[in-house]
Amino acid sequence: MNFQQFIAFVFLILTFNCFAQKDVKLTTTSKQAAGFYKDAEKHLKSSDYPSAEKELKNALKADPRFIEAYIMLGELYSETTGLKAENATLAISNYRRATELAPEFYPPVYFKLAQMEFLTGDYGRAKIHYNRYLKYNGLNPENKTISEKRLKDCNFAIKAVANPVPFKPVNLNDSVNSPADEYISAITADEQTMLLTVRKYQPKNPDKITGEDLCLTENKGSFWTKPKKISLSENSEGEGAACLSPDGQYIYFTSCYNEGGYGSCDIYMANRQGDRWSTPVNLGPNVNSSRWESQPSVSSDGNTLYFASNRAGGFGNSDLWMSQRQSDGSWGKAVNLGNVINTPEDEMSPFIHPDNQTLYFSSRGHTGMGGMDIFVSRKDSLGHWQTPVNLGYPINTAGNEINLIVNAAGNYAYASSDKNGGKGRYDIYRFELYREVRPAMVTYFKGKVFDSKTFHPLQARFELIDLSSGKTIIESFSESETGLFLVCLPAGKNYALNVSKKGYLFYSETFAFLSDASNCQPQVKDIPLQPIALGETVILKNIFFDTDSYLLKPESKIELDKLSKLLTDNKNMKIEIDGHTDNVGSDSYNLQLSQNRAKSVYDYLISSGIPDNRLAFKGFGKTLPIASNDNEQGRSANRRTEFKVIEN
């Protein structure tokens, strides 16, 4: 049954069950009005809605107190609001006139009237008419449930409109937005690359969708470049609802009706290879089912996928689900996010922020302004999702708010909207997100990995490790052809970063955000990896001692284990561990401290199984500074532990 047939069916049910039965007498005494009304019924049966509208208007001219004609005309407009937005207002005026003429004639009209008032944001009157409807006996159970839910929505919406949240959307430039519809899908952590979906229509029929394109645009500072279409599969016209990993190296997208797929629409993944993308891979039967899977969003560590699906086992028509990446790279069995997030109605468009703790999504089922609203939920200390919070008015309205993307820093959001006078029906906007609904701040470390001798780009492995727990937070690789990388750094923790590649000495870095997370800034730095060769030296930046102590702090274990593995993997390599200090204290004290610290590392490596004949240690005190000792930053750099390749 198509849309028009469905409308005709609705009208026929209404007509024959309510007013047109032979034993039901019409309220009009005008034969002319009754004739127009009967003609309208015939036009409805043949789906000729313009003619039906004309005859109902003629009936009301003949008898302005013809109650059934007002209700039928209200139904016609109500059921066609998707075709003409102004029909909602026309439906309201006809329903109201019917209730004014005969308040007790047809109780369900109060439900119909309230639905239209709610749709148009007239929450005060909608509340009155929902309450009026609920006073009657013998109500339709489904409509009764809807009315009770909508009363809660009305109370929330009235309060929300009276207490608006800060919201000043700015339309992105003409190169991004066009007369077509643009929907934002993702933005990289550095806000330099945006993924969007562009929906196309027939030029002479703006209601006829001809296809969708996935496009990328680049931030050039003062403007975004013209979106460039990307084609990932043979059925590129069926691609959409996609996301990028925060580093921009992986794309997860929805593709429909592909040979070998599991259902109508499945989720696929591809990775960037220079200016190209790899052949897409279906995420498999644990993620995809015989039903609809779409709208993926991947966590910043790449290990958790969130998506929408109408598969069996949910709470409503469309629920939010998640899948965890397994140790072998496959995806685990999808798990429903539960009834704190999901409702008997629709939940869609999940977006997991790079902090991996904050989820934004759209919902029709949680208390809101009407249509689809945007909500935010955060994980508690046990990893459980907390009660979702509506982002408030005017971010949410009586219409549909489809999706929201928040930048890594958490202070700005991007959304698609048709309500702000844009270039087309749906444009992309950027706005400052008010503090109460922001995620935890996330910064990033970006640059390029290359061979220190040849300067050729390298694909290297990145590991970001929480120093307090020793847990690997993020594991990824630099891009194979360019060596480019971007690693998200959630604020509020201290991290060890390790960059490694077979045949090279590893690179380490420390990011200390625990003490002053509000001031963590993006880090931009290229990383030259040194081929394993005689005389090469590496600073161990994640080796820690207390002041004036040579006892290794527990968080040093991460770096020491990396060094032990390097030696295990390269059986012929021998190293010397060197200790260095700043110039504070006597020469003899500094020399002894540096030697003791070097020996602590030496002892740890021996305890981890490295033979002592492959190791040596030496202290240099303050004699080999690499920075000025005139300030604390320089002195901190001079207090270091290194290793040097002495045989290979």
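In what follows, every heavy atom counts, from backbone to side chain, and hydrogens, waters and symmetry copies are set aside.
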task: Begin from the C-alpha positions of Glu148 and Lys144 and carry the test salt bridge (Lys or Arg N to Asp or Glu O under 4.0 Å) through to its verdict.
output: CA-CA 6 Å; Glu148 291 168 344; Lys144 182 174 183 291; 2.8 Å; yes

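- When all heavy atoms of Ala312 and Trp321 are compared, the pair lying nearest together is O-CH2, 3.8 Å.
- You'll find the side chain of Phe307 stays beyond 4.5 Å of the side chain of Gln295, heavy atoms only.
- Scanning all heavy atoms of the two residues, the minimum distance from Pro107 to Tyr133 falls at O-CD1, 3.6 Å.
- Judged purely by distance below 3.5 Å, without hydrogens or angles, the side chains of Asp63 and Thr28 pair a donor atom with an acceptor atom.
- For the pair Asn339 (side chain) and Asn342 (backbone), a donor-acceptor distance under 3.5 Å is absent.
- Among the candidates Ser362, Ser318, Ser363, the single residue satisfying the side-chain hydrogen bond (donor to acceptor under 3.5 Å, both in side chains) test with Glu347 is Ser363.
- Contact check for Pro164 versus Tyr393: side-chain heavy atoms found under the 4.5 Å cut-off.
- Contact detail for Pro64 and Tyr70: the closest heavy-atom pair is O-OH, 2.7 Å.
- Here the side chain of Ser297 pairs a donor or acceptor atom with the backbone of Ile352 at under 3.5 angstrom.
- Between the OG atom of Ser309 and the CG atom of Leu320 there is a distance of 10.0 Å, given to the nearest 0.5 Å.
- Formation of a donor-acceptor pair under 3.5 Å by the Asp153 side chain with backbone atoms of Ala157 is not found in this model.
- Classification of Glu41 and Lys45 as a salt-bridged pair fails, no side-chain N sitting under 4.0 Å from a carboxylate O.
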- prompt: Would Tyr37 and Glu55 satisfy side-chain contact (heavy atoms from CB on, under 4.5 Å), going step by step from the backbone distance to the final call?
  reply: CA-CA 6 Å; Tyr37 184 82; Glu55 296 299 338; over 6 Å; no

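- Within the 3.5 Å criterion, the main-chain N or O of Ile374 finds a donor-acceptor partner in the side chain of Asn396.
- Residues Asn356 and Thr304 have side chains not in contact (no heavy-atom distance under 4.5 Å, counting atoms from C-beta outward).
- A heavy-atom distance below 4.5 Å is found between the side chains of Glu191 and Tyr414.
- Side-chain atoms of His353 do not come within 3.5 Å of backbone N or O of Ile405 as any donor-acceptor pair.
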Candidate pair Arg364 and Asn400, rule side-chain contact (heavy atoms from CB on, under 4.5 Å), full reasoning: CA-CA 9 Å; Arg364 198 184 304 276; Asn400 287 314; 3.9 Å; yes

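- By the 30° and 60° cut-offs, the orientation of the rings of Phe375 relative to His366 is tilted.
- Side chain of Asn131 to backbone of Ile128: no donor-acceptor contact under 3.5 angstrom is found.
- No side-chain donor from either of Glu86 and Tyr77 sits under 3.5 Å from a side-chain acceptor of the other.
- Under 4.0 Å is where a charged nitrogen must lie from a carboxylate oxygen, and between Glu293 and Arg311 at least one such pair does.
- Within 6.0 Å of CZ on Arg125 lie no more than 12 heavy atoms contributed by other residues, nucleotides or ligands.
- Proximity of a side-chain donor or acceptor of Ser294 to a complementary backbone N or O of Thr254 within less than 3.5 Å is not detected.
- A distance of 12.0 Å separates CG of Leu151 from CD1 of Ile146, quoted to the nearest 0.5 Å.
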task: Please report the C-alpha distance between Leu44 and Tyr49 in whole Å, then the side-chain angles of each, then the deciding distance to 0.1 Å, and finally whether the side-chain contact (heavy atoms from CB on, under 4.5 Å) criterion is met.
output: CA-CA 6 Å; Leu44 289 175; Tyr49 308 117; 3.9 Å; yes

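- Residues Thr217 and Leu196 meet the side-chain proximity criterion, which asks for heavy atoms closer than 4.5 Å.
- A distance of 12.5 Å separates OH of Tyr106 from OH of Tyr136, quoted to the nearest 0.5 Å.
- Atoms CD and OG, from Gln357 and Ser299 in turn, are 10.5 Å apart once rounded to the nearest 0.5 Å.
- In this structure, NE2 in His129 is found 4.5 Å from CG in Leu113, a value given to the nearest 0.5 Å.
- Closest of all the heavy-atom pairs between Thr197 and Ala241 is OG1-N, 4.1 Å.
- Between Thr81 and Met116, the shortest heavy-atom contact is CG2-SD, 4.0 Å.
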- request: Could you check Tyr130 against Gln115 for side chain to side chain donor-acceptor pair (under 3.5 Å), going step by step and ending with a plain yes or no?
  value: CA-CA 8 Å; Tyr130 280 126; Gln115 287 286 81; 2.3 Å; yes

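- Surrounding NZ of Lys61 are at most 12 heavy atoms belonging to other residues, nucleotides or ligands under 6.0 Å away.
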Verdict with reasoning, Leu391 to Leu404, per side-chain contact (heavy atoms from CB on, under 4.5 Å): CA-CA 11 Å; Leu391 265 59; Leu404 187 81; 3.5 Å; yes

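- Heavy-atom contacts from other residues, nucleotides or ligands closer than 6.0 Å to CD of Glu142 number 12 or fewer.
- Under a cut-off of 6.0 angstrom, the local environment of CZ in Arg65 is sparse, with at most 12 non-hydrogen atoms contributed by other residues, nucleotides or ligands.
- Looking only at distances, a side-chain donor or acceptor of Asn177 sits under 3.5 Å from a matching main-chain atom of Ile428.
- Not one N or O on the side chain of Lys379 forms a donor-acceptor pair closer than 3.5 Å with the backbone of Leu359.
- Ion pair Glu100/Arg96 not flagged as a salt bridge, since none of the NZ, NE, NH1 or NH2 atoms sits closer than 4.0 Å to an Asp/Glu carboxylate oxygen.
- One N or O on the side chain of Asp181 and one on the backbone of Tyr426 form a donor-acceptor pair closer than 3.5 Å.
- The structure places CG of Asp266 at 3.5 Å from CG of Asn288, a figure rounded to the nearest 0.5 Å.
- Between Phe351 and Asn403, every side-chain heavy-atom pair lies at or beyond the 4.5 Å cut-off.
- No side-chain heavy atom of Lys54 sits less than 4.5 Å from a side-chain heavy atom of His43.
- Only one option out of Tyr252, Phe253, Trp331 pairs with Tyr268 in a ring pair (Phe, Tyr, Trp, His ring centres under 6.0 Å); it is Phe253.
- Heavy-atom minimum distance, Pro439 versus Tyr360: CD-OH, 3.1 Å.
- Counting non-hydrogen atoms of neighbouring residues, nucleotides and ligands closer than 6.0 angstrom, the OH atom of Tyr123 exceeds 12 such neighbours.
- Salt bridge Lys25/Glu68: absent, no basic N to carboxylate O contact under 4.0 Å.
- A 4.5 Å side-chain heavy-atom check between Ser300 and Val442 finds every atom pair outside the cut-off.
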